[in-house]
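Chain letters run A, B, ... following the sequence lines, proteins first, then strands; residues in each count from 1.
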Amino acid sequence: MKKIYLTTAIPYVNGRPHVGHSLDYLLADVCARYHRLLGDEVRLQAGTDEHGGKIFQKAEDNGLDVQQYVDNNVEFFKSFIEQMGISYTDFVRTTDEEHVKRCQEIWMRLSDHIYSAEYEGWYCDGCERYITQKEYDENGGVCPDHQKPYSRLKEQNYYFRISDFKDRIRDAIESNEMKIFPEYRKREILRLIEESPDVSVSRPVSQLKWGVPVPGDSGQTMYVWIDALSNYLTVLGYPDVDVDDWWPAEVQFLGKDILRFHAIIWPAMLIGLGLPLPKNMVTHGFILSNGQKMSKSIGNVVDPLEVLEKHGRDAFRYYYLKHIDTFNDSDFTWEMFDDAYNNELANDLGNLVQRVATLAYKNGLQEVDTNELYKMSDEYVEFMDSFEYTKAFEYVWGLIQGLNRRIDVEKPWVIAKNGELDKLKDCLSSLVGELLVANYLLSPFLPDTADRIYQVFGKPIAPPEIPLFPKA
RNA sequence: CGUGGGGUAGAGCAGUCCGGUAGCUCGUUUGGCUCAUAACCAAAAGGUCGUUGGUUCAAAUCCAACCCCCACAACCA
């Protein structure tokens with residue numbers, strides 16, 4: 001029995017939950033439930049990133065108090081996470097008093113690697129942000145959104161000296177001390193490390209008010225990096241609490257877009273703090289809509305709550321865990337979602353449960369000895385341990401389809417007609433047993449369904465009154 | 001010549017490292033069955049494996065060149 005700490009990336013709460021947010025949670029949740037089956041003690045973190053200019057701006061635009069605005073949005077995320085059935089144990093908000101305090105302490109512990117420098121660049125007053133030289137050239141020196149010429153600005157920033165840690169990080173990634181999944185992302189990061197400059201970790205208060213004050217400098221506010229990334233530690237109580245039991249994290253789940261920060265800035269922070277690096281980083285792809293990235297301007301955004309409502313929580317989890325590739329971009333369409341529900345969940349699994357339960361019930365099989373049943377095959381464990389959840393799920397589905405086939409081959413109804421009672425009992429017990437094994441392996445993916453199946457085949461065995469996955 | 005991923009049946013994908021009858025799921029057609037949610041099972045049809053050239057007895061797989069899509073390079077999950 002091990003202690004396992006898993007993390008999810010904390011979403012920026014300047015809007016409502018997006019379907020893309022769900023992948024982090026689902027993957028982490030499957031991992032958590034799997035480890036609990038193995039008998040491990042698991043802590044699963046979730047949280048929200050609530051500082052920054054964009055949120056401040058958005059709140060003002062809506063005429064709301066900023067804290068009130070984020071409080072509101074956080075509720076949407078929390079309820080979304082709960083609706084997906086995520087078994088998190090800890091929740092952190094970057095506006096939590098404790099987080100702010102601990103995060104400042106972390107900053108101070110990193111101070112040997114933080115220096116002050118002047119930043120100079122092109123700035124748009126309308127966008128309230130610096131732009132790159134390339135963007136400046138492309139737009140001919142005028143902001144296309146605001147029709148105003150960019151101005152040359154200088155400001156004081158604190159920088160975090162990434163160069164102090166590069167060698168150590170490269171070694172850790174190359175040697176798989178901090179293992180990055182999938183493999184090709186590891187190569188990508190190794191290349192990126194070489195050209196990573198020191199990062200700016202603060203902004204003048206005049207530019208960024210809504211954030212954690214830099215300790216010892218009232219004129220500066222922390223920029224997102226140290227504030228947000230440190231959540232993985234502050235939620236455990238670091239540095240006030242001894243976190244050796246839980247840190248390093250077993251797995252950190254994140255989207256491919258933020259891997260660079262998690263694989264470079266974050267390890268640099270950890271090394272600076274004298275802490276070990278996370279053991280695994282799992283990066284998932286994006287969910288596309290008809291092959292395109294979802295975006296408000298294209299108008300192809302899929303509302304996750306709508307998907308959740310359509311066929312319920314487990315259908316949602318089923319689609320995202322089986323049909324959305326764990327590592328690569330995959331498509332979501334309502335058509336594919338409905339097909340998956342009707343053809344796979346309802347026809348394969350729901351109907352299988354129905355027919356096996358009915359066979360057992362009609363033939364007087366009351367219960368099945370469940371001892372010795374709950375074991376994991378090597379194949380399953382291998383997939384689960386390498387975070388190939390889509391493949392693990394497919395493996396389990398193969399068992400389910402195999403059972404449907406077996407029933408047709410063995411024809412228990414014929415055995416019953418012939419009055420071969422012992423043979424019938426063996427056949428049915430074995431079918432129920434195998435179904436329960438498949439259900440056991442299924443439980444990290446579809447926890448609610450798994451519970452219902454356990455109920456159906458509890459004492460006494462009885463077909464469900466309402467089918468598991470009713471069709472419209 | 002930026003970096004990375006990809007182009008295999010109508011759709012979604014595996015197979016490519018270690019060359020040897022092209023596979024899975026869905027859809028389509030036909031047949032079977034009746035325990036079951038018109039569900040389940042079986043069979044069939046359907047592919048110049050992006051293009052061209054090379055190596056080889058043999059190439060989806062190795063090599064070379066090229067074409068096309070996507071992502072990242074800029075806090076869009």
Listing time: all N or O pairs from protein to nucleotides 28-33 of chain B that are below 3.5 Å?
none

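- Shown here are the ring-ring contact (aromatic ring centres under 6.0 Å, His included) partners of A/H113, two or more places apart in sequence or in another chain: A/F165.
- Using a 4.0 Å heavy-atom cutoff across all strands shown, A/N351 reaches at least one base atom of the nucleic acid.
- Taking the centre of each ring, A/F316 and A/Y320 come in below the 6.0 Å mark.
- Each of B/A39, B/C35, B/C72 was ranked by its minimum atom distance to the side chain of A/T358; first place goes to B/C35.
- Partners of A/K362 under the salt bridge (charged side-chain N to carboxylate O under 4.0 Å, His left out) rule, at least two apart in sequence or in another chain, do not exist in this structure.
- Residues forming a side-chain hydrogen bond (donor to acceptor under 3.5 Å, both in side chains) with A/T95 (at least two apart in sequence, or on another chain): A/E50.
- Checked against ring-ring contact (aromatic ring centres under 6.0 Å, His included), A/Y88 has the following partners two or more places apart in sequence or in another chain: A/F91.
- Distances from the side chain of A/R405 to the nucleotides B/C35, B/A77, B/A42 place B/A42 closest.
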Could you list the donor-acceptor pairs under 3.5 angstrom formed by side chains in residues 419-432 of chain A, with sequence neighbours left out?
from	atom 1	to	atom 2	distance (Å)
A/S429	OG	A/K425	O	2.7
A/S430	OG	A/R406	NH1	3.2
A/S430	OG	A/R406	NH2	2.7

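- With a 3.5 Å ceiling on both atom-pair distances, B/U48 lacks any Watson-Crick or G-U wobble partner.
- Of the listed nucleotides (B/G27, B/C35, B/A77), B/C35 has the atom at the smallest distance from the side chain of A/R355.
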*Do nucleotides 1-15 of chain B as a string where each nucleotide becomes B, S or -: B if the base has a protein heavy atom under 4.0 Å, S if just the sugar-phosphate does, - if no protein is that close.*
--SSS----------
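- A/Y119 meets the side-chain hydrogen bond (donor to acceptor under 3.5 Å, both in side chains) test with no other residue; sequence neighbours excluded.
- A/W334 is linked by a ring-ring contact (aromatic ring centres under 6.0 Å, His included) to A/F332, A/F337, counting only residues two or more places apart in sequence or in another chain.
- When heavy atoms are screened at a 4.0 angstrom cut-off, A/G255 is found touching no nucleic acid atom at all.
- Residue contacts for A/L468: at a heavy-atom cut-off of 4.0 Å it reaches a base atom on one of the strands shown.
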